[in-house]
Participant: 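Take this structure first; my questions come after.
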Amino acid sequence: MKIGLIAMSGVRVKSAELAELGVTLPGFIRRGKVIASLPSLGLLTVAGLTPAEHEVSYIEVADLVNAPAFPDFDLVGISSMTAQIHEAYKLADLFRGRGARVVMGGLHVSQLPEEALGHADAVVRFGAEGVWPRVVRDAAEGRLERIYEGARNDVFAPGIYARPRFDLLAGREYNRVTVQTSRGCPRGCEFCAASLRITSQFNQKPVELVIEEIRAAKQQVKRPFFEFADDNTFLNARWSKEFLRRLRAEEIHYFTETDVSVAEDGELCDLLAESGCRQVLIGLESPRGNDLEGMDPAGWKRRKAPRYRAVMDALQGRGVSVNGCFILGLDSHTPETFGEVLEFVRGSGLAEVQYTVLTPFPGTPLYGRLKAEGRLLKEEFWDSCTLFDVNFRPKNMSVGELEEGLKWLFRETYSREETKTRARGFLAQARGGRTVEAGAAGLGARGD
Ligand code: B12
């Protein structure tokens, strides 16, 4: 069979005003531009799992739009994130209209398979591992089932795991490549809509396999910058140290997502710096510990908030920049919160900052709670699940106050001047291996 795997790419913001801010504010757009060009690791993995007798093409949707002729496939696989699901459904309708059978997979349709079946012949829930070869066989034999369930655990085990087909990226313009070292995250934050929603427990890839993937990607893309597509990379200190020691020899530069626990281990921080880690993205969520009450079942994030400043110093003093992420619209947040967050950001020495709005993605406990409390603004709001658009009624401010507060934070934080100040501050800290002056630190992290 001819199989086409179609990736939906690009970054999305629905609010026209925020989109406008996004294209004009230097500190925001820099990262936006960079990340929008990442390939779909999910589909490269699906390609890797496809039995060799079939012909597989990997296509970015943007390339499809510009293609001289619309390609015809026997089977089309489409990945799904909530924000672009309507476009993905349109694409599915289009391919089905041309006689192809369409299978959808990924985060969104794993949660809402029945919705997706309005547009696809079949839906794969959870990982493609453990089920895709059967889907392909059934399609070839003309007996596709409606819903398939892939592996939710042991996804990197022999017989289930397949290396992503990085060779499909050869000759393209990517300069960034994603590699996954783990799937899931044991913290279980209420709002999280990432891979923990398609796994039953935290799965870590054997170090050897990750190194092999990195080498395979390096053969196809010239000197790529790597992003680890993990929810939380360095949870297991033993695995992490073995991995980082091996990584030193690969001479790569990379970015990943983790939590503040990484900074509690000096040796791990040293290894991070030595292994080519340029930046870690950490969900600080809110500067005040009280705001984090109930966010994760064990209360872990709330207990860690007083340590935020020390975390930044431990990492940035070693030359690893921290991209601190804050969520606005938490239940304890009031209109005063925006000023407090900005004060914290300015005093923290954070090299980069990301603000998002609390977003009830379908399938998350947050969605269930806000729905039960009658706080969702609409029944269906998938195209606004961008992390920048407000979809619910906040507890201690109005929707308008949340929207305005976010715009204000964007303007203040991503202006040319503030962006430069953060970059300079980080460079000074990295060169000096020292902490940001307490006097300039303003609030610092507060546990109350
Ligand atoms: C890389 C990435 C991107 C890339 C995607 C590149 C691309 N062309 O696909 C870019 C930068 C473009 C991107 C953009 C956005 N992203 Co993003 N992104 C990620 C990130 C960091 C990693 C995803 C990844 O590679 N995972 C690893 C792969 C292996 O897993 P997977 O995709 O789930 O695939 C597996 C299964 O789902 C399944 N599967 C997936 N697709 C298919 C298809 C078929 C046919 C089958 C059978 C199976 C299958 O099999 C795969 C292997 O098991 C995650 C965060 C994270 N830490 O995971 C956020 C994340 C996925 N993004 C998110 C969001 C919100 C966005 C944006 C809306 C942000 C914005 N405002 O613009 C946009 C939306 C873009 C869009 N097209 O809709 C959310 C999605 C939540 C949700 N439920 O929808 C996440 C989880 C981050 C978060 N903060 O919550 N993103």
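What you see is a predicted model; the values in this text were computed from it and never measured. Atoms within each ligand, like the ligands themselves, are counted from 1 in listed order. No hydrogens, no waters, no symmetry mates; every other heavy atom, side chains included, goes into these values.
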Participant: Within the 4.0 Å heavy-atom shell around Trp132, which atoms of ligand 1 are there?
Facilitator: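 Answer, ordered by atom number: 47 (C).
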
Participant: Quick check: does Met8 get an N/O under 3.5 Å from an N/O on ligand 1?
Facilitator: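 Met8 vs ligand 1: N/O contact under 3.5 Å present.
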
Participant: Taking distance alone, with N or O pairs closer than 3.5 Å, would you say Asp230 contacts ligand 1?
Facilitator: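 It does: an N or O of Asp230 is found under 3.5 Å from an N or O of ligand 1.
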
Participant: Report yes if Thr82 has an N/O atom closer than 3.5 Å to an N/O atom of ligand 1; otherwise report no.
Facilitator: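 N/O-N/O distance under 3.5 Å: yes.
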
Participant: Check each atom of ligand 1 against the heavy atoms of Glu257 and keep those under 4.0 Å away; list them by number with element.
Facilitator: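 Numbered from 1, ligand 1 contributes 21 (C), 57 (N).
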
Participant: Show me which atoms of ligand 1 lie under 4.0 Å from any heavy atom of Ile198.
Facilitator: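 Counting from 1, the qualifying ligand atoms are 33 (O), 36 (C), 37 (O).
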
Participant: Can you confirm whether the side chains of Ser321 and Gln279 place a donor and an acceptor under 3.5 Å from each other?
Facilitator: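 Side chains of Ser321 and Gln279: pair found under 3.5 Å.
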
Participant: Below a 4.0 angstrom heavy-atom separation, can you tell me which part of Leu387, side chain or backbone, both or neither, approaches ligand 1?
Facilitator: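 It is the side chain that touches ligand 1; the backbone stays farther off.
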
Participant: Under 6.0 Å between the ring centres of Tyr254 and Phe228?
Facilitator: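 When the ring centroids of Tyr254 and Phe228 are compared, they turn out to be within the sub-6.0 Å range.
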
Participant: Numbering the atoms of ligand 1 from 1, which are under 4.0 Å from a heavy atom of Leu43?
Facilitator: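 Taking each heavy atom of Leu43 in turn, ligand 1 has 43 (C) under 4.0 Å.
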
Participant: Would you tell me which option among Ile85, Asp231, Val109 has the nearest heavy-atom contact to atom 58 (O) of ligand 1?
Facilitator: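 It is Asp231 that holds the nearest heavy atom.
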
Participant: Do you see a donor-acceptor pair shorter than 3.5 Å between the side chains of His333 and Glu401?
Facilitator: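 No pair is found: no donor N or O on one side chain lies under 3.5 Å from an acceptor on the other.
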
Participant: Are any of the N/O atoms on Leu41, whether in the backbone or the side chain, positioned under 3.5 angstrom from an N/O atom of ligand 1?
Facilitator: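 Checking ligand 1 against Leu41, no N or O pair falls under 3.5 Å apart.
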
Participant: Any N or O on Gln180 sitting closer than 3.5 Å to an N or O of ligand 1?
Facilitator: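 Min N/O separation from ligand 1 is not below 3.5 Å for Gln180.
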
Participant: Using a 4.5 Å cut-off on heavy atoms from C-beta on, say whether the side chain of Val103 contacts that of Asp121.
Facilitator: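 The answer is no; the side chains never approach within 4.5 Å.
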
Participant: Using a strict 4.0 Å cut-off to heavy atoms of Ala128, name the atoms of ligand 1 that fall inside it.
Facilitator: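 Atoms satisfying the 4.0 Å criterion: 38 (C), 48 (C), 50 (O), 52 (C), 53 (O).
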
Participant: Report, in ascending order of atom number, the atoms of ligand 1 lying under 4.0 Å from any heavy atom of Ser40.
Facilitator: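 So the atoms of ligand 1 that pass are 7 (C), 8 (N), 9 (O).
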
Participant: Return yes if a side-chain donor-acceptor contact under 3.5 Å exists between Ser40 and Ser79, otherwise no.
Facilitator: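 Judged by distance alone, the side chains do not pair up.
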
Participant: May I ask you to test the Lys205-Tyr161 pair for a side-chain heavy-atom distance under 4.5 Å?
Facilitator: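 Of all side-chain heavy-atom pairs linking Tyr161 with Lys205, at least one is under 4.5 Å.
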
Participant: Output the list of atoms in ligand 1 that are nearer than 4.0 Å to some heavy atom of Ile78, sorted by atom number.
Facilitator: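 Counting atoms of ligand 1 from 1, those under 4.0 Å from Ile78 are 43 (C), 45 (C).
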
Participant: Under 3.5 Å, N or O to N or O, is Leu38 touching ligand 1 that way?
Facilitator: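 Looking only at distances, the answer is yes, because the N/O contact criterion of under 3.5 Å is met.
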
Participant: Do Glu115 and Tyr89 have side-chain atoms, one donor and one acceptor, less than 3.5 Å apart?
Facilitator: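 There is such a pair between these side chains.
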
Participant: At a 4.0 Å threshold, what atoms of ligand 1 neighbour a non-hydrogen atom of Ala83?
Facilitator: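 Those qualifying, in numeric order: 68 (C).
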
Participant: Do any nitrogen or oxygen atoms of Tyr58 come within less than 3.5 Å of a nitrogen or oxygen of ligand 1?
Facilitator: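 Looking only at distances, the answer is no, because the N/O contact criterion of under 3.5 Å is not met.
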
Participant: Is there a polar contact between ligand 1 and Thr178, counting only N or O atoms under 3.5 Å apart?
Facilitator: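 It does not: no N or O of Thr178 is found under 3.5 Å from an N or O of ligand 1.
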
Participant: Give a yes-or-no answer on whether the side chains of Asp154 and Asn203 include a donor-acceptor pair shorter than 3.5 Å.
Facilitator: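 No, no side-chain donor-acceptor contact under 3.5 Å.
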
Participant: With a 3.5 Å cut-off and no angle check, do the side chains of Tyr58 and Glu60 form a donor-acceptor pair?
Facilitator: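 Result is yes, a qualifying pair exists.
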
Participant: Hey, looking at atom 61 (C) of ligand 1, which of Arg183, Arg125, Met81 has the closest heavy atom?
Facilitator: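 Considering heavy atoms of Arg183, Arg125, Met81, the nearest to atom 61 (C) of ligand 1 sits in Met81.
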
Participant: Could Glu373 and Arg369 be called an ion pair, given the rule that one side-chain N must be under 4.0 Å from one carboxylate O?
Facilitator: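 Judged by the 4.0 Å cut-off on N to carboxylate O distance, Glu373 and Arg369 do form a salt bridge.
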
